[in-house]
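Everything on this sheet refers to the single structure shown next.
Nothing fancy with the numbering, it's 1 onward along the sequence. Keep in mind that the numbers below use all heavy atoms, side chains included, and drop hydrogens, waters and symmetry copies.
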Amino acid sequence: GSDPVISDCSITNNGDYAVSMHADNIRNITGTMTIAGNTNNAIEVLPGTVFNAAWLNHGVPYVIAGDITLDNADTLTLAPGVALRFDGDYLLQVNGILIADGTQSEHITFTTNQPSPHAGDWKAIIFNYSEAGNILDFCDITHGGSVTGAINILSSGNNLNISHSSVKEC
C-alpha cells in the first residue's frame, strides 16, 4: 500500500539489492542515482502489476524477481540503455502498451540473470490482447523462451513494431 519515491540518491556499500520494490513503484525511482559497491548493484523488481510508468536508466539492471503484468490501457516506457534481467522462469505480460525504444548506441536488453545463461532461462514477453502502439526498437532479447519463444503475440489485433532488434539463444 505504500508509494515510495526515491530521487537523486547515492546508494553504496550495502548488502543485498540497492533497491527492492514492487513493479508499480519502480516508476518512482527518478533523477540521478549513484548505485555502487552493494552486494547486488541492481534494482530488484518484485512481482506485480505495472500501471502507467517509465523505467529510467540508472546504470544498473532491473532484476525481475517474479511475473510482471502491464495493465490494460496503461503504458510502460523503458528508457534507452535499460536492462531487464529475469531471475527465474518469469514473464512480462503486456496487456497495455510497451514502449522499449532504444537507440543505436543504447540498446534495451531483455535477458537472464543466471550466471551461466541458457536458452529458456526466463519465459517471454507476451503481448496479450494489448493496445496498438507497442514498440521494440534497438532491443536485444536473449536466453528467454521457456514457454514457446521469447516474444509471444496472442492476439491478431496487436500492433507490434519490431525494428533494429535481435532475438537470439532463445
Nearest heavy-atom pair of [X] and [Y]: which atoms, and what distance?
X    : Y    : result
D101 : P80  : O-CG, 3.6 Å
C139 : A100 : SG-O, 3.4 Å
R27  : A53  : CB-CB, 3.5 Å
A65  : P47  : O-CD, 3.8 Å

Any side-chain heavy-atom pair from [X] and [Y] closer than 4.5 angstrom?
X    : Y    : answer
I151 : F127 : yes
N25  : P4   : yes
I64  : W122 : no
N14  : T39  : no
S165 : F138 : no
I125 : V94  : yes
L70  : N95  : no
I29  : M21  : yes

Any luck finding a side-chain donor-acceptor pair between S166 and D140 under 3.5 Å?
yes
Give the intermediate values and the outcome of side chain to side chain donor-acceptor pair (under 3.5 Å) for residues D137 and S163.
CA-CA 5 Å; D137 189 24; S163 57; 2.7 Å; yes
Supply the atom-to-atom distance [X] [atom1] to [Y] [atom2], rounded to the nearest 0.5 angstrom.
X    : Y    : atom1 : atom2 : value
K168 : T111 : NZ    : OG1   : 9.5 Å
Q114 : D121 : CD    : CG    : 5.5 Å
I99  : T77  : CD1   : OG1   : 4.0 Å
I141 : I162 : CD1   : CD1   : 6.5 Å
Q104 : H164 : CD    : NE2   : 7.5 Å

Identify which one of T69, I126, I68, V50 satisfies the side chain to side chain contact (heavy atoms under 4.5 Å, CB included) criterion when paired with L92.
I68
Only one of L98, V167, N161, L78 clears side chain to side chain contact (heavy atoms under 4.5 Å, CB included) with L136; which?
L98
Short side-chain to backbone donor-acceptor contact, [X] and [Y], under 3.5 Å:
X    : Y    : answer
D67  : L91  : yes
N38  : I11  : yes
Y62  : L56  : yes
H58  : T32  : no
H118 : S116 : yes
D24  : F51  : yes
N52  : T75  : yes

For residues 81-88, which side-chain donor-acceptor pairs fall under 3.5 Å, sequence neighbours excluded?
residue	atom	partner	partner atom	Å
R85	NH1	T112	O	3.4
D87	OD1	N113	ND2	3.2

